[in-house]
Every structure is written in structure tokens, then in C-alpha cells.
Amino acid sequence: MYRQLIPVIKMKPQINLSPDMNAKLVCVILAFCSISFNLIAQEAVLKKVFNGRNLNGWVVPENNIWWSVADGILKTKSGPNKKGSILWTEKEYTDFVLETDFKYDEGTVDTGIFIRTDTQQIQMGISGSLKRDMTASPYIAGKGYPVEAQNVKDILKPKDWNTIKVIAIAGYYEVWLNNKHVMSYTSDNYVKTGPIGLQLHPNTDMAASFRNIRIGKLK
């Protein structure tokens with residue numbers, strides 16, 4: 001059922017409506033889709049993909065100096081040459097919901113969640129190109145930030161733990177930040193199946209933490 005909802009967002013009304021009525025109709029459709037996908041996410045069985053003890057289940061980069069585990073927390077920190085790194089899940093996913101706690105620890109944090117590929121990302125922290133916080137916004141290679149998450153400044157808790165939930169159904173992405181819906185976006189060049197990645201952006205000096213990383217497959 002949920003796959004049939006995705007094209008609705010791009011549909012144009014077949015009757016003549018005023019611009020104000022068109023805008024209201026789009027808002028109603030987006031609200032309906034958001035509620036529907038949130039209900040789907042709540043029904044998903046979320047499984048831990050981070051055991052809190054080690055990096056089992058993840059593809060650890062060669063000569064890893066960027067990712068470590070301590071006291072149930074996955075930590076990432078820039079190396080001396082600021083090379084950057086991506087920590088990928090060993091498993092691949094098609095439609096899924098991901099939920100994790102995160103905290104921005106030190107420096108200019110620029111991280112994010114890669115959706116099946118390193119060209120589609122939910123940004124977390126400061127955008128290197130825009131030089132401002134774009135947490136929960138999608139970054140699409142070649143398009144930049146096509147939409148911006150709403151009210152993040154009021155929702156995000158700096159230097160404290162936050163929770164982000166990402167739903168990816170085909171190219172349709174939804175994001176909740178601390179239980180508040182902040183973003184919906186439909187990608188027209190998504191990758192159907194692939195691993196999920198956590199990013200440590202190159203050319204920055206930063207540290208961030210993750211815990212309670214859980215993923216549920218959507219059928």
C-alpha cells in the first residue's frame with residue numbers, strides 16, 4: 001500500500017483551483033503521507049545494528065582510526081590528516097526505517113546518514129558548502145540541498161543527545177527529529193538497494209557520538 005502513496009505527492013490537481021487552494025491541497029496530501037508513513041514505521045520491527053560492544057555488523061575501514069566503541073556508544077573522530085571516513089552496514093536495505101540517538105561532541109560537526117549510496121544523504125550538523133546547520137535535510141549529489149528541514153533550530157539540543165528517525169521508501173524520504181516531523185522529500189535518482197552508512201566528513205575537525213542504532217525493514 002505504501003508504494004502507491006509515493007506518486008501522489010507529484011500529482012497535479014485535474015480541476016482548476018486558485019493558487020491558495022492548490023497550496024492547501026498539497027499540504028493536505030503531504031500531511032496524509034507523513035501520517036501514513038509514520039504509522040508504517042511504528043509497525044516496523046526495529047533491530048539493533050550496533051551491539052554497543054564492538055563494530056560487528058559494520059564494514060570497518062582499513063587502518064581504522066576514526067570509529068571506536070566505549071560504554072555502549074559509537075564514537076567518530078577526525079584523524080590528524082582530516083581524511084574522513086564512512087562506516088557502512090554489512091547488510092543491504094531496500095525500504096527501511098532507521099532510528100538512532102546522536103550527539104555533536106567537538107568541533108565543526110559534519111556527519112550524516114547515507115541512504116543506500118554515498119550520493120544520497122540525510123545531513124547531520126554543519127554543511128560544508130552552506131556553512132550552517134542543515135541537520136535532517138537531504139543532500140543529493142549534483143543537487144545540493146533540494147529542501148531544508150523545518151524548525152530544526154528550535155528542536156535540536158546542542159551538545160546533548162538527540163534522536164533522529166529516517167524513513168526511506170524507494171526515493172521518498174521522511175525525517176523526524178526528537179519526535180517532531182521536520183522533512184519530506186522525493187528523490188528521482190535514488191538507489192533501490194544498498195547499505196546504510198554513517199559519515200565522518202573529510203576536511204573538518206570534529207567528534208560525534210551515536211547510540212541505540214536500530215533499523216527495520218519495510219515490506
Side-chain angles (χ1 to χ4, degrees), residues 44 46-129 133-141 145 156 159-168 173 175-177 187 190-218:
L46 297 180
K47 298 181 179 180
K48 290 183 179 180
V49 294
F50 169 57
N51 62 24
R53 301 184 304 276
N54 51 48
L55 292 174
N56 288 353
W58 298 82
V59 180
V60 181
E62 186 176 357
N63 301 320
N64 174 43
I65 61 171
W66 308 281
W67 305 91
S68 62
V69 178
D71 301 322
I73 297 173
L74 171 62
K75 295 179 176 291
T76 184
K77 184 176 177 61
S78 302
N81 61 359
K82 302 180 182 179
K83 181 180 178 181
S85 177
I86 303 174
L87 187 69
W88 292 102
T89 58
E90 289 183 348
K91 292 183 178 180
E92 295 192 346
Y93 298 87
T94 302
D95 298 336
F96 66 87
V97 53
L98 176 148
E99 188 169 297
T100 183
D101 301 332
F102 68 94
K103 183 160 66 77
Y104 301 154
D105 295 326
E106 301 174 11
T108 303
V109 176
D110 187 348
T111 180
I113 299 167
F114 283 120
I115 301 179
R116 315 183 194 105
T117 172
D118 62 1
T119 62
Q120 309 258 313
Q121 178 190 38
I122 302 302
Q123 169 74 21
M124 297 166 69
I126 305 299
S127 161
S129 57
D133 197 323
M134 292 294 287
T135 295
S137 298
Y139 179 82
I140 309 298
Y145 296 91
L156 185 69
K159 304 301 181 182
D160 198 357
W161 286 102
N162 297 269
T163 301
I164 191 168
K165 178 168 69 175
V166 177
I167 297 177
Y173 307 149
V175 178
W176 283 257
L177 182 62
S187 171
Y190 67 95
V191 172
K192 181 179 179 181
T193 300
I196 298 170
L198 300 177
Q199 184 193 34
L200 169 64
H201 203 284
N203 302 317
T204 188
D205 191 5
M206 58 155 280
S209 299
F210 300 86
R211 69 182 184 189
N212 300 326
I213 308 172
R214 302 181 299 157
I215 301 175
K217 293 183 178 180
L218 300 175

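Just so you know, residue 1 is the first one in the sequence shown, and it goes up from there.
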Can you tell me how far the [atom1] atom of [X] sits from the [atom2] atom of [Y], to the nearest 0.5 Å?
X	Y	atom1	atom2	answer
Asn162	Met124	CG	CE	8.5 Å
Ile113	Lys165	CD1	NZ	13.0 Å
Leu46	Ile213	CG	CD1	12.5 Å
Asn54	Leu74	CG	CG	11.0 Å
Lys83	Ser78	NZ	OG	13.5 Å

Handout entry: Derivation and outcome, side chain to side chain donor-acceptor pair (under 3.5 Å), residues Thr163 and Glu99
Key = CA-CA 7 Å; Thr163 301; Glu99 188 169 297; 5.9 Å; no

Exercise for the section: Using a strict cut-off of less than 4.0 Å between a Lys/Arg side-chain nitrogen and an Asp/Glu carboxylate oxygen, indicate whether Asp105 and Lys103 qualify as a salt bridge. Expected result: yes

Handout entry: Ionic contact status for Arg116 with Glu92, cut-off 4.0 Å
Key = no

Practice task
Would you please test Gln120 and Tyr173 for side-chain contact (heavy atoms from CB on, under 4.5 Å) and show each step?
Solution key: CA-CA 10 Å; Gln120 309 258 313; Tyr173 307 149; 2.9 Å; yes

Smallest separation among heavy atoms of [X] and [Y], with atom names:
X	Y	answer
Gly128	Asp110	N-OD2, 3.4 Å
Gly52	Val69	O-CG1, 3.5 Å
Tyr145	Ser129	CE1-OG, 3.8 Å
Ile86	Gly197	CG2-CA, 4.2 Å
Ala208	Met206	CB-CE, 3.9 Å
Ser127	Met134	CB-CG, 3.8 Å

Exercise for the section: Give the C-alpha distance, both sets of side-chain angles, the deciding distance and a yes or no for side-chain contact (heavy atoms from CB on, under 4.5 Å) between Ile126 and Val109. Expected result: CA-CA 6 Å; Ile126 305 299; Val109 176; 5.9 Å; no

Evaluate the side-chain proximity of [Y] to [X]: yes if any heavy-atom separation is below 4.5 Å, no if none is.
X	Y	answer
Leu87	Pro61	yes
Thr111	Phe210	yes
Ile115	Ser187	no
Lys82	Pro202	no
Ser85	Thr76	no
Lys192	Thr94	yes
Thr119	Tyr139	no
Asp160	Tyr104	no

Handout entry: The single option from Thr100, Ile215, Asn56 passing side chain to side chain contact (heavy atoms under 4.5 Å, CB included) against Val49
Key = Ile215

Practice task
Keeping the roles fixed (side chain from Thr89, backbone from Ile196), state whether a donor-acceptor pair exists under 3.5 Å.
Solution key: yes

Problem - Test item: Asp71 side-chain N/O and Ile73 main-chain N/O as donor-acceptor pair under 3.5 Å - result: no

Practice task
Output, in order, the C-alpha distance, side-chain angles, deciding distance and verdict of side-chain contact (heavy atoms from CB on, under 4.5 Å) for Ile164 and Ile122.
Solution key: CA-CA 10 Å; Ile164 191 168; Ile122 302 302; 4.2 Å; yes

Exercise for the section: Quick one: do Glu106 and Lys77 satisfy side-chain contact (heavy atoms from CB on, under 4.5 Å)? Show the steps, please. Expected result: CA-CA 9 Å; Glu106 301 174 11; Lys77 184 176 177 61; 3.2 Å; yes

Practice task
Let me know which of Phe114, Trp58, Tyr93, Trp67 forms a ring-ring contact (aromatic ring centres under 6.0 Å, His included) with Trp88.
Solution key: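 So the option named by the test is Phe114.
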
